[in-house]
Amino acid sequence: MDPACKLRLRNVSKMFRTARGGTVQALTPVNLDIPAHRFVSIVGPSGCGKSTLFNIISGLTEPGTGEILVDGKTVNGASGIVGYMLQKDLLLPWRTILDNVILGMEIRGTPKREAKAKALPLLRKYGLGGFEHSYPSQISGGMRQRAALLRTILYDRDIILLDEPFGALDAQTRALMQEWLLDLWDDFKKTILFITHDMEEAIYLSDEVYIMSARPGSIKAHLRIDLERPRKPTIVTSKRFVELKEEALRILSAESLKAYDQEKAV
Ligand code: ADP
């Protein structure tokens, strides 16, 4: 096996039983090889199994078939191997921003004083200085997402799963968050898997983009994003960016149409 391969999925599939006694095939065998320190996005039509895939990687859901390997070791069903952040920030309303950000470190057994000493400079560096002692309800949606993202990073796993973390933010805040995420990724050298509905966001952020098929989800296409880094916001108007986006959208829209037909048929 390639020693640089951080996360590998081998023939991972999943079927769910529905409340009415039927079954839904959410994923057909999915194979992925994710090298260390890459930024990889996963895009696909609604309901194609993206979140199921993340739940399987994070150990929340057992795969029906297949294997999840981290650094070459099988980790099926194991929790705590990856950092995982959902669209909803899931900050605890009764804890301050500082206490929320250190939660992952506390869970891993870091003494509170040490965790705070580590988190404080980062809160300042990443635009949350002055809000350490505020509560989640007292800060903006963008700031809450930043706090949740910092908490995920400080949980200190090599692999971070981000499931549409910016989906609910307005366009301006989202653009700022993208810059901020690229800075974090560069500083912390994590391997990031990122789910988004937004192809431009996927291409802008990533080294690689996987496009999933309509349900049952499988990998329909794999694009290498050969755009230079560091990425500047104006890159979205470059010839290569537009070519990549056209190709990706062509594949995605065919799958989205299939997903739409499936929904109509239900
Ligand atoms: P996506 O994240 O791409 O929108 P999901 O992974 O949430 O898709 O869901 C994939 C399919 O599996 C959907 O049809 C969904 O209804 C179904 N599904 C997901 N979780 C469950 C579950 N726990 N029980 C039954 N069906 C599920």
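Side chains included, hydrogens not; waters and symmetry mates left out as well; all remaining heavy atoms used. Start at 1 and go down the list; that is how both ligands and their atoms are numbered.
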Quiz prompt | Neighbour count above 12 (heavy atom, 6.0 Å) for E243 CD | solution =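 Enclosed: over 12 neighbouring heavy atoms sit under 6.0 Å from CD of E243.
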Presence of salt bridge, [Y] and [X], under 4.0 angstrom:
| X | Y | value |
| --- | --- | --- |
| R124 | E132 | yes |
| K6 | D33 | no |
| E106 | R95 | yes |
| D99 | R151 | no |
| D187 | K125 | yes |

Practice problem: Taking only heavy atoms of the protein into account, state which residues are under 4.0 angstrom from an atom of ligand 1, in chain and number order. | Solution: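 For ligand 1, the residues that come within the 4.0 Å heavy-atom cutoff are F16, R17, V24, A26, P45, S46, G47, C48, G49, K50, S51, T52, R215.
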